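I have placed the structure first, in the form of structure tokens, so that the comments after it can refer back to it.
Because the structure is predicted, anything quoted here is derived from the model rather than measured. Chain letters run A, B, ... following the sequence lines, proteins first and then strands; every chain starts at 1.
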2 protein chains.
Amino acid sequence: MSPYHHGDLRRAVLAAAVTAITENGPTAISLRDLARRVGVSHAGPVHHFKDKAGLLTALAAEGFDLLADALVETRDSGGNFVEIGVSYVRFAIEHRAHFEVMFRPDLYHSDDESVATAQQRAREVLVSGAGQVPGDRDPEVAKLAAWSLVHGFATLWNTGSLSDPGDDPESTARAVAGMLFSK
Amino acid sequence: MSPYHHGDLRRAVLAAAVTAITENGPTAISLRDLARRVGVSHAGPVHHFKDKAGLLTALAAEGFDLLADALVETRDSGGNFVEIGVSYVRFAIEHRAHFEVMFRPDLYHSDDESVATAQQRAREVLVSGAGQVPGDRDPEVAKLAAWSLVHGFATLWNTGSLSDPGDDPESTARAVAGMLFSK
DNA sequence: CGGTGCATCTTGTCGGTGACAAGTTTCGTT
DNA sequence: AACGAAACTTGTCACCGACAAGATGCACCG
């Protein structure tokens with residue numbers, strides 16, 4: 001019936017991890033539960049990820065890559081500085097599982113090469129929008145402010161910390177981000 | 001020698017938890033390790049906190065109270081809107097353990113009464129600065145933007161996500177927060 | 001001043017988990 | 001066809017959270 005070799009266990013486990021994290025948060029997952037979901041023995045995933053932190057390392061790297069892709073897409077389709085920020089928020093909400101892992105470096109091997117390069121790429125895309133900073137401000141500071149703002153909004157949204165969230169995070173994010181560059 | 005009754009086990013465990021979380025992050029702690037640190041049996045802490053989430057609930061409640069205190073102090077000593085934000089960042093860094101727990105509602109009983117009221121108080125203090133919002137903007141949006149900005153900066157700082165952090169988070173936070181209300 | 005009730009803490013236990021070691025099956029290569 | 005490596009399984013160990021039951025000491029009431 002089911003082959004001894006799964007075929008693409010690595011991908012299957014990662015997908016199961018995304019589902020499980022979306023359901024219960026990144027700390028609640030267990031390798032053994034993921035193995036069960038995928039239909040493999042309890043030590044199956046270990047072979048591909050070394051340990052639990054290794055699995056989350058792979059997820060974080062994948063996340064930074066997806067984020068960089070999303071930001072590039074927004075930038076290259078003519079999105080201005082604010083829209084890149086909105087894209088950041090959209091990613092955080094749509095890929096909540098990835099996002100939550102990415103910014104919990106205590107959960108994974110943050111010095112791993114794959115995650116470091118992916119993270120660097122995402123950072124560079126974010127930086128690339130700095131040339132579009134309106135006004136006569138210090139672009140370094142403005143960039144950091146914008147990143148902080150969208151990151152904070154996304155985090156507050158995802159943690160359910162907002163008292164009156166509304167139902168459209170994107171437009172709220174757009175309004176909030178616009179605050180940085182108006183009057 | 002050591003008395004059967006610890007005296008103030010609850011406080012001792014909370015303090016040990018703060019130390020442990022500061023060292024290894026909030027997910028790495030174990031009730032049994034805290035019990036060991038404090039010098040009681042492995043089930044000692046259970047009596048005071050019911051379960052692990054109960055311990056983190058107490059920590060979160062304590063954290064929201066400390067945050068509200070800090071913000072009130074800044075506000076009442078004449079701090080303007082920006083300085084309240086800087087105070088928020090300062091709290092997040094000085095009380096990193098508390099802060100990290102507070103915004104991980106999946107780790108504790110977020111509907112607990114004690115934590116809910118403390119959280120509400122902190123929120124109200126934050127709102128109270130809204131009257132000072134400069135310019136002619138929508139104060140609701142401006143408030144949310146400010147909160148997002150300082151929260152995001154604090155989170156990025158604490159997670160080590162900034163590529164070139166510098167050595168003075170407070171002044172950086174001040175510069176970044178000022179970005180919202182200049183030109 | 002003596003006893004009793006109760007909060008506090010201990011001991012013991014259970015299922016679940018991560019990590020590791022060793023074995024088994026399949027694949028790829030020659 | 002055979003052999004070595006890769007993929008997965010089985011087994012085990014220490015640790016953890018939760019729970020149950022027992023031991024201890026404090027406070028209060030008589």
Side-chain angles (χ1 to χ4, degrees), chain A residues 1-21 23-60 97 101 104-110 112 114, chain B residues 1-21 23-60 97 101 104-110 112 114:
Chain A
M1 209 58 176
S2 57
Y4 198 92
H5 278 37
H6 180 282
D8 203 351
L9 182 56
R10 182 186 167 89
R11 222 160 244 303
V13 171
L14 282 174
V18 169
T19 303
I21 291 174
E23 288 171 356
N24 304 320
T27 60
I29 71 167
S30 85
L31 288 179
R32 288 170 110 102
D33 177 57
L34 297 181
R36 254 175 263 129
R37 291 182 188 233
V38 170
V40 155
S41 80
H42 69 256
V46 174
H47 184 73
H48 294 277
F49 301 106
K50 171 73 179 171
D51 57 12
K52 190 177 182 179
L55 163 64
L56 295 177
T57 302
L59 256 187
V101 173
R104 260 180 192 73
D106 54 316
L107 294 182
Y108 61 90
H109 305 303
S110 54
D112 183 278
S114 66
Chain B
M1 210 61 172
S2 56
Y4 198 92
H5 278 37
H6 181 282
D8 205 350
L9 182 57
R10 183 186 167 90
R11 226 163 239 304
V13 171
L14 282 174
V18 169
T19 303
I21 292 174
E23 288 171 357
N24 304 320
T27 60
I29 71 167
S30 84
L31 287 179
R32 287 170 111 102
D33 178 57
L34 298 181
R36 253 176 266 128
R37 289 180 188 234
V38 170
V40 294
S41 78
H42 69 257
V46 175
H47 183 74
H48 293 277
F49 301 105
K50 169 77 178 170
D51 56 12
K52 189 178 183 177
L55 163 64
L56 295 177
T57 303
L59 255 188
V101 173
R104 260 181 193 71
D106 53 315
L107 295 183
Y108 61 90
H109 305 304
S110 52
D112 182 278
S114 66

How many whole angstroms separate atom CG of B:Leu9 from atom C1' of C:dA7? 12 Å

Check whether any side-chain N or O of A:Lys52 sits under 3.5 Å from a backbone N or O of A:Ile29 as a donor-acceptor pair, and report yes or no. yes

Report the distance from atom NE2 of B:His48 to atom C1' of D:dA18, rounded to the nearest whole Å. 17 Å

Please pick, from C:dA21, D:dT12, D:dC16, the nucleotide with the shortest atom-to-atom distance to any side-chain atom of A:Ala43. C:dA21

Between C:dG16 (P) and A:Asn24 (CG): distance, integer Å: 16 Å

When the distance from NZ of B:Lys50 to P of C:dA7 is rounded to whole Å, what number comes out? 15 Å

Nearest to side-chain heavy atoms of B:Ser41, which nucleotide of D:dT12, D:dT9, C:dT11: C:dT11

What integer distance in Å separates A:Phe49:CZ from D:dA7:P? 12 Å

Trace of the side chain to side chain contact (heavy atoms under 4.5 Å, CB included) decision for A:His48 with A:Leu9: CA-CA 8 Å; A:His48 294 277; A:Leu9 182 56; 3.7 Å; yes

Students often get this wrong, so: under 4.0 angstrom with heavy atoms, is A:Val46 touching a base, only sugar-phosphate, or nothing? nothing

Rounded to the nearest angstrom, tell me the gap between atom NE2 in A:His109 and atom P in C:dG18. 14 Å

Does A:His42 make a side-chain donor-acceptor contact with the base of C:dG16, cut-off 3.5 Å? no

Counting N and O atoms only, with roles assigned by atom type, does the side chain of B:Ser110 sit under 3.5 Å from a partner on the main chain of B:Asp106, one being a donor and the other an acceptor? no

Could you please name the option among D:dA20, C:dA19, C:dT8 that lies closest to any side-chain atom of B:His47? C:dT8

Measuring from the side chain of B:Arg36 (C-beta onward, heavy atoms only), which nucleotide among C:dT13, D:dC16, D:dC8 has the closest atom? D:dC16

Considering only D:dC19, C:dT17, C:dC9, which nucleotide approaches the side chain of A:Arg32 most closely? C:dT17

Pair A:Leu14-A:Leu55, side chain to side chain contact (heavy atoms under 4.5 Å, CB included): steps then yes or no: CA-CA 7 Å; A:Leu14 282 174; A:Leu55 163 64; 3.6 Å; yes

Derivation and outcome, side chain to side chain contact (heavy atoms under 4.5 Å, CB included), residues A:Leu107 and A:Thr57: CA-CA 8 Å; A:Leu107 294 182; A:Thr57 302; over 6 Å; no

Atom pair distance, as rounded to whole Å: NZ in A:Lys52 and P in D:dC15: 17 Å

Let me know the distance between CD1 of B:Ile29 and C1' of D:dC15, rounded to the nearest Å. 15 Å

